[in-house]
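Working notes, beginning with the structure itself.
Side-chain atoms are counted along with the backbone in the values below, which use heavy atoms only and exclude waters and symmetry mates.
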Amino acid sequence: MVIILAGNSVSAQLAPFGPLSSVTVPRPDNINNFIKDKTSAIALGKTLFWDMQVGSDGIQSCASCHFNAGADSRSKNQIQPGQNNSFDVASAPNYQLQPADYPFHQLENVDDRSSTVLRSVDDVTSSQGVFRSKFVDVEPGSAEDVTTPLNDTTFNVNGVNVRRVTKRNAPSVINAVFNFRNLYDGKAQNVFNGVNPSGLRDKRAFVLKAPTKRQLKDVRVRIKNASLASQALGPPLNSFEIGAENDEVIAPFLVNLDESEENVEVLTESGQLIEKGSAVEGVSAEESLELTKQNKQDSLKIQPIEQPKRRRRFKRFGRKLGKKLLAVTPLNKQVVASDDSVLGALSKSPTGLNKSYERMVKDAFRRKWWDSNLAIRINPKNGRRRFFRKPKNRPLKTNEYTLMEYNFGLFFGLAIQEYESTLISDQTPFDEFLGGNTSAMTADQIQGFQLFQRNGCIGCHAGSELTAASVNNVNIKGRIERDIFPPQPALDTGFFAIGVRPSGEDVGLAGKDEFDNSFSEATLALEGKFKKLLGEEPPFIPDSTSDIVATSAFKTPGLRNVELTAPYFHNGGQSTLEQVVDFYKRGGNFGGLRELNLTQDDKDKVVAFLKSLTDERVRNQQAPFDHPQLFIPNGHPNDENSVVVDSGASSNGVQQAQDNLLEIPAVGRNGGTPLAKFLE
């Protein structure tokens with residue numbers, strides 16, 4: 001394509017890809033087995049994503065860390081301390097960040113990584129979440145969980161607890177549907193298991209299915225291309241992000257740690273064997289064990305054929321969150337615009353929706369996942385389950401669950417994925433240009449795109465999605481590939497170590513899940529675990545551990561709206577696009593990249609190109625990026641030297657700081673005033 005600009009002929013040197021609108025949105029091939037109405041599922045997902053009642057404190061929502069262009073632009077109390085648990089950017093939490101604090105790795109000459117280091121800190125700019133507390137129980141009808149405050153030795157100002165800050169910078173959820181795995185370390189698996197982010201790695205992950213109202217089956221759920229659903233179940237389990245600390249006991253039923261087959265026995269109270277079998281639902285053929293109510297007086301329990309040699313405590317948030325949310329009015333604390341592109345028809349004055357969560361689940365999901373006459377009682381001491389007919393003369397206790405409550409994690413994950421799948425910003429000047437509108441980009445932006453290609457940036461930011469971690473790229477190259485540069489080590493496709501911080505400071509992809517298995521799929525291939533944990537054969541097997549790049553490797557993000565999503569990188573260590581381009585010009589801070597031959601004018605043009613990736617609908621909060629009202633914690637009154645104690649929230653000998661809540665007003669489909677960017 002040759003463009004005539006200002007009388008000059010400019011070769012655009014277009015890479016072989018088209019606008020983002022030309023890319024098919026990844027979707028599970030068996031999703032219709034779970035969702036009966038996509039529109040209703042999107043409405044449920046948007047409600048759950050923005051609802052402040054999701055958090056243990058009744059304040060923190062998924063959107064609290066993804067409210068601005070899908071990311072987080074707050075700048076007070078946003079620092080996570082480094083390896084020594086000491087704050088380097090400031091002396092304590094609740095610090096108001098300043099432009100002069102960036103970049104975290106400062107050099108005398110920004111173009112030369114061997115020049116004198118003026119400052120280098122291992123802090124992380126991230127997102128404030130909840131106060132440290134211990135989960136006790138839910139109280140149906142209340143937005144707040146019953147919790148006990150705990151002393152926080154890190155996140156306090158003069159002994160007064162402040163909100164905790166998560167360990168990595170929040171990536172944008174916009175366009176995240178194109179990622180094969182999600183989160184910087186790939187923890188959110190491509191296959192959704194209906195229970196947590198671990199996918200097929202978790203052999204304990206079962207949901208219940210009701211073929212009839214008097215029958216229940218334990219089934220394994222396998223839903224491919226659903227890493228957004230996997231990711232959605234992470235924050236409610238995280239005691240820094242949304243939830244209180246909760247080591248709920250999950251009984252070792254349906255588990256044999258050394259086998260892939262899940263054998264179970266179903267017994268009556270007297271111990272009489274009814275039936276045994278196994279269960280799989282999803283991609284594989286289903287062989288489900290039917291748990292049939294044999295006698296109205298009997299309650300059933302499940303016991304393992306063989307007890308595992310070790311017991312662990314696993315967190316399972318779904319049923320407790322279901323118990324809470326199904327008893328409250330959706331978005332009850334928040335205004336919903338009457339012209340909201342998804343929820344407008346459900347808006348109720350002055351706040352909330354005119355439809356219950358129970359009704360929304362029923363509208364969105366097939367009844368076999370929520371409709372049963374049986375209830376499930378969980379023993380809080382050992383986690384064992386008992387099934388019994390739902391009583392008519394009393395409400396269920398908080399350790400007794402309807403099928404809808406029990407499977408709430410399944411609904412939560414899939415509904416949020418359906419909503420986030422609509423958050424696609426494909427109306428950028430860059431996309432218009434790729435679609436044939438030669439005047440959509442300026443001459444500087446076109447030349448910046450040429451430099452972006454010529455300097456190899458498209459090696460990591462590949463394809464229309466501008467990330468090599470996309471579903472499309474993984475399907476083409478496989479889950480593991482060889483680096484193009486000698487000695488061509490094995491990489492998880494789309495994950496690279498680029499020297500943002502010293503190797504090993506944050507191990508990233510080399511970290512381990514709760515089952516002590518590496519997040520690195522190349523490592524799993526070498527260890528012979530790939531098929532067992534991921535359900536397919538590896539593309540190849542690396543030669544040795546030295547043949548694998550995993551330590552401090554992180555997922556490559558897409559770049560659309562990058563102008564709006566500062567701070568940058570997994571540690572949030574750069575605050576401007578200019579600092580990011582300086583980083584790549586010098587070949588990274590600590591190796592991993594080659595130095596680029598860019599003049600100052602070249603760097604300016606690359607920044608100009610990056611700004612052509614902004615979708616104005618995102619900037620202006622227009623549909624599908626409109627949203628309900630939200631109140632987000634924005635640090636605490638005063639600063640890092642003192643805070644105001646919230647006497648109403650302080651108990652158990654623990655003092656807690658008052659919140660400073662920032663209102664993000666509700667906007668409808670036509671959008672509103674752009675939100676302030678980071679440090680503005």
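- Look at Asp145 and Lys324 and you find a salt bridge, because one of the NZ, NE, NH1 or NH2 atoms lies within 4.0 Å of a carboxylate O, short of that distance.
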Before giving the answer on side chain to side chain contact (heavy atoms under 4.5 Å, CB included), spell out for Asn175 and Ser425 the whole-Å C-alpha distance, their side-chain angles and the decisive distance to 0.1 Å.
CA-CA 7 Å; Asn175 301 324; Ser425 58; 2.8 Å; yes
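- Closest non-hydrogen pair, His636 versus Asp659, comes out as CE1-OD1, 3.5 Å.
- In this structure, the side chains of Leu321 and Phe412 come closer than 4.5 Å at one or more pairs of heavy atoms.
- Judged by distance alone, the side chains of Lys368 and Asn33 do bring a donor and an acceptor atom under 3.5 Å apart.
- The closest side-chain donor-acceptor pair between Gln189 and Ser230, if any, does not fall under 3.5 angstrom.
- A salt bridge is defined here as a Lys NZ or Arg NE, NH1 or NH2 lying under 4.0 Å from an Asp or Glu carboxylate O, and Glu400 with Arg377 meets this definition.
- Contact annotation: the side chain of Asn77 approaches that of Val162 to within less than 4.5 Å [non-hydrogen atoms, C-beta and beyond].
- A 4.5 Å side-chain heavy-atom check between Pro149 and Asn161 finds every atom pair outside the cut-off.
- Asp218 has no carboxylate O lying under 4.0 Å from a charged side-chain N of Lys209, or vice versa, which leaves the two without a salt bridge.
- When side chains are defined from C-beta on, Leu613 does not count as touching Glu563, because their heavy atoms never get closer than 4.5 Å.
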Residue pair Phe365, Trp370: steps toward the ring-ring contact (aromatic ring centres under 6.0 Å, His included) verdict
CA-CA 8 Å; Phe365 288 90; Trp370 53 260; 9.6 Å; no
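- For the pair Ser133/Glu245, no side-chain contact is recorded, criterion being any heavy-atom separation below 4.5 Å from C-beta on.
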Trace of the side chain to side chain contact (heavy atoms under 4.5 Å, CB included) decision for Leu44 with Val361:
CA-CA 7 Å; Leu44 175 60; Val361 170; 4.1 Å; yes
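- A salt bridge links Asp363 with Lys355: at least one charged nitrogen is closer than 4.0 Å to a carboxylate oxygen.
- Within the 3.5 Å criterion, the main-chain N or O of Ser40 finds a donor-acceptor partner in the side chain of Asp37.
- For Lys46, the side-chain hydrogen bond (donor to acceptor under 3.5 Å, both in side chains) partners at least two apart in sequence or on another chain are Asp340, Asp626.
- By the ring pair (Phe, Tyr, Trp, His ring centres under 6.0 Å) test, His66 pairs with no residue at all, sequence neighbours left out.
- Ionic pairing of Arg163 and Asp57 is present here: one or more N-O contacts between side-chain nitrogen and carboxylate oxygen are shorter than 4.0 angstrom.
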Would you check, one step at a time, whether the test side chain to side chain donor-acceptor pair (under 3.5 Å) holds for Gln427 with Glu616?
CA-CA 8 Å; Gln427 295 182 22; Glu616 291 302 312; over 6 Å; no
Would Arg560 and Asp426 count as a salt bridge (charged side-chain N to carboxylate O under 4.0 Å, His left out) here? Give the steps.
CA-CA 8 Å; Arg560 282 175 179 78; Asp426 55 5; over 6 Å; no
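- Tyr357 places a side-chain heavy atom less than 4.5 Å from the side chain of Asp51.
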Go through Thr351 and Leu331 one step at a time and tell me if the side chain to side chain contact (heavy atoms under 4.5 Å, CB included) criterion holds.
CA-CA 7 Å; Thr351 59; Leu331 293 166; over 6 Å; no
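- Taking 4.5 Å as the limit, every side-chain heavy atom of Ser172 sits out of range of all side-chain heavy atoms of Asn561.
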Take Asp513 and Lys187, measure what salt bridge (charged side-chain N to carboxylate O under 4.0 Å, His left out) needs, and give me the verdict at the end.
CA-CA 8 Å; Asp513 63 22; Lys187 179 179 180 179; over 6 Å; no
Walk me through it: do Thr166 and Ser126 pass the test side chain to side chain donor-acceptor pair (under 3.5 Å)?
CA-CA 6 Å; Thr166 58; Ser126 188; 2.4 Å; yes
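- Ring geometry, Phe411 versus Phe408: the interplanar angle exceeds 60°, so the pair is classed perpendicular (tilted spans 30 to 60°).
- The cationic group of Lys323 lies under 6.0 Å from the six-membered ring centre of Tyr401 and within 45° of the ring axis, placing it in a cation-pi geometry.
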Carefully, step by step, assess Arg669 and Gln622 under the rule side chain to side chain contact (heavy atoms under 4.5 Å, CB included).
CA-CA 5 Å; Arg669 64 176 65 250; Gln622 296 170 323; over 6 Å; no
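- Here the side chains of Gln80 and Phe240 are in contact, with some heavy-atom distance below 4.5 Å.
- Under the 4.0 Å criterion applied to side-chain N and carboxylate O atoms, Asp72 and Arg74 are assigned as salt-bridge partners.
- In summary, Arg617 and Asp615 engage in a salt bridge, as defined by a charged side-chain N under 4.0 Å from a carboxylate O.
- Screening residues 411-420 for side-chain hydrogen bond (donor to acceptor under 3.5 Å, both in side chains), with sequence neighbours left out, gives Arg27-Glu418, Trp50-Tyr419.
- Here the side chain of Glu432 pairs no donor or acceptor atom with the backbone of Pro429 at under 3.5 angstrom.
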